[in-house]
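We name chains A, B, ... by the order of the sequence lines, and we start the count at 1 in each one. All values derive from a computational prediction rather than experimental measurement.
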Number of protein chains: 2
Amino acid sequence: MATTRRQLPPRPETAARRREILAAALEIFGAKGYNNGPLAEIAEQVGMTHAGILHHFGSKDRLLVEVLRYRDESDVEGIEGQHIPGGTELFRHLIRTAFANEERPGIVQAYAVLSAESVTDSNPGREYFEDRYRVLRGEVAEAFRAMCAERGVDDPAHVERAATSVLAVMDGLQVQWLLDPTQVELAATSAFAIEAIALQALDPRPSPFDA
Amino acid sequence: MATTRRQLPPRPETAARRREILAAALEIFGAKGYNNGPLAEIAEQVGMTHAGILHHFGSKDRLLVEVLRYRDESDVEGIEGQHIPGGTELFRHLIRTAFANEERPGIVQAYAVLSAESVTDSNPGREYFEDRYRVLRGEVAEAFRAMCAERGVDDPAHVERAATSVLAVMDGLQVQWLLDPTQVELAATSAFAIEAIALQALDPRPSPFDA
DNA sequence: AGTAACTTACAATGCAGTCAGTAAGTAGCA
DNA sequence: TGCTACTTACTGACTGCATTGTAAGTTACT
C-alpha cells in the first residue's frame, strides 16, 4: 500500500471556467434544446474541445443537471429560499420577475424548452423539474395562506389550485411570447392573470359559466 | 411526347396506412420529442422500415407538420372552426377538453413537448404553432367580447390578455400535470383558473397587491 | 405496361464518450 | 529553494453508434 496522496484540490481558475461552460451550455441548450444541442458547440463557445467539457462534467446528462442548478443560482434573485416573504411580497416578486424576463429571452427560452423536454422518456432533467415545481407550488400556496390569514379568510378552498395556476400561467405565457413577442405582452399579461387568480382564491365569486 | 399517364392515384388502402403512420409518429414524437424520436421507431410500430415512411412523407420535417395537422383533426372535437359558439359555450368546451385530456396523457404530452420544442432554432413545427396560437387567441377573445356584450359590459379592457392567459394556463398546467399527476388536478385546476380569468375580464376588481 | 408501395443496402453525417498523451500546476521533502 | 512525484486540465485521434436520406431492385395493383 503506497502512502497515496490521491485527489488534489481543483485549481483556482477552475471554478470560473466551469461557470463559463455552464453559461454557454444554458445558451446552447436553450437555443436548440438538450437533445439537439451538441457538446462541441458549447465547447467552441468557451474555446475548448468537447472532450474538455466531458473532463469537467463526466457526461452530457450530468452537465444538464448542473446547468439547471446553475440557472437557479444565477437567477436574478432566487424566488425560493431566504426569508419567505409573508403576504403579498412573493406575488410582487413574481410579477417583477415577469418584467425582468422580457429583457432576457434567452433564459426564458432555455427554461421553457428544457422544462417541456424534461417530461420525455428518461430525460436527465426530469427529477430537477419535479422537485422545482413541488417546491414552488408549496411556497406560492404558503403565500396565499398568509394573505388569507391577513384578510380573515377562513376557508381557503382553492389555495393549492391557485398556486398551481399561477405558475402554470407564467410558463404558458412564456411559450406564446417566445413564438410571437409582437402579439403577447409577457409581463402585463402575467400581472393580469396572477391578480385574477389571486382574487378568486381570496374572495371567490360564482362561476360565470353556470347557465 | 408520349401519352404519359404519369401520376397514378394512390391506392385505396394508402390513406389509412398514412393515418397509421401519423398516429405512430404522434406517439413517438410525444414520448421522446421530435429531435429524439427516430423514424425507425415509428416505422417499427406500423410494421415497416424507415425508408417506407420517407416514401410517403418525403422527409422527417414534412412528417412533423403533417402530424401536427393530423392532431388537430383527430382532436376529439376541433375547438376552432364550425359554428363559433356565441357566449359561454367556448369556455365550457375548453373545460370539457381539460377533463377529456386527463384520460389521454399521450396526446397531452405530445402537445406540450412539441409546442415548446417548436421555439428552438429552425424547428419545422414553429409556423404551425405560431398560427395555431394566433387563431386560438382570436377565437377566445371573440368569445370574451360576446360575453361582455351579453352582460352589457362596455369596456372590455383586458380581453386580449384574458384570452392569452386562458390558453397559457391550460398549457402550463399540462406540463405540471405530466411531471406529477398525483399532485396536480389537471381539469379541476383548469376550470378554476379559467373562471378566475374570465371573471376578472368581465367584471374587474382592484389588484390585491397594490398597497 | 407502368406505377405505387414498399425493401434492402448503402452513403453520409453527427455525436457522445474513451484513451493516450502533454503541459502546467501543486504538495512534500531535502 | 530546488527537486521529485503526482495530479489537474486539457487536446487530438479514434471508436462506435444512431440517424436521415438516397438509389436500386421487387412485388403487386390498376
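- For the contact set between residues 59-68 of chain B and DNA chain D, defined by any heavy atom under 4.0 Å, the members are B/Ser59, B/Lys60.
- For the pair B/Glu130 and B/Arg126, the salt-bridge criterion is met [side-chain N within less than 4.0 Å of a carboxylate O].
- The CG atom of A/Asn35 sits 7.0 Å away from the CG atom of A/Asn123 when rounded to the nearest 0.5 Å.
- Residues from residues 17-43 of chain B lying near DNA chain D, meaning a heavy-atom separation below 4.0 Å, are B/Gly37, B/Pro38, B/Leu39 in numerical order.
- For the pair B/Asn36 and A/Asp121, the minimum side-chain heavy-atom distance is 4.5 Å or more.
- The backbone N or O of A/Leu22 lies less than 3.5 Å from no partner atom in the side chain of A/Glu66, so there is not a single donor-acceptor pair.
- Ionic pairing of B/Asp131 and B/Arg134 is present here: one or more N-O contacts between side-chain nitrogen and carboxylate oxygen are shorter than 4.0 angstrom.
- C/dA20 atom C1' lies 15 Å from atom NE2 of A/His55, rounded to whole Å.
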Restricting both atoms to N or O, compile the protein contacts to nucleotides 12-17 of chain D shorter than 3.5 Å, with distance only.
none

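- Rounded to an integer number of Å, the gap from B/Leu54 CG to D/dT20 P is 8 Å.
- One interatomic measurement links the two molecules: CD1 of A/Ile53 to P of C/dT18, which rounds to 15 Å at whole-angstrom precision.
- Taking 4.0 Å as the cut-off between side-chain N and carboxylate O, B/Glu20 and B/Arg17 count as a salt-bridged pair.
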Without placing hydrogens or testing angles, list every side-chain donor-acceptor pair under 3.5 Å for residues 164-175 of chain B, not counting sequence neighbours.
unit_1	atom_1	unit_2	atom_2	d
B/Thr164	OG1	B/Glu160	O	2.9
B/Ser165	OG	B/Arg161	O	2.7
B/Asp171	OD2	B/Tyr133	OH	2.5

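- Residues forming a salt bridge (Lys or Arg N to Asp or Glu O under 4.0 Å) with B/Glu102 (at least two apart in sequence, or on another chain): none.
- With contacts defined as side-chain heavy-atom distances shorter than 4.5 Å, the pair B/Tyr34/B/Pro124 qualifies.
- The phosphate of C/dC6 has OP1 or OP2 within less than 4.0 Å of a side-chain N or O from B/His56.
- A heavy-atom distance below 4.5 Å is found between the side chains of B/Leu202 and B/Cys148.
- Between A/Glu13 atom CD and C/dT26 atom C1' there is a gap of 13 Å when expressed in whole angstrom units.
- The list of ring-ring contact (aromatic ring centres under 6.0 Å, His included) pairs with a residue in residues 40-61 of chain B, not counting sequence neighbours, is empty.
- Atom CE of B/Met48 is separated from atom C1' of C/dC6 by 7 Å (rounded to the nearest Å).
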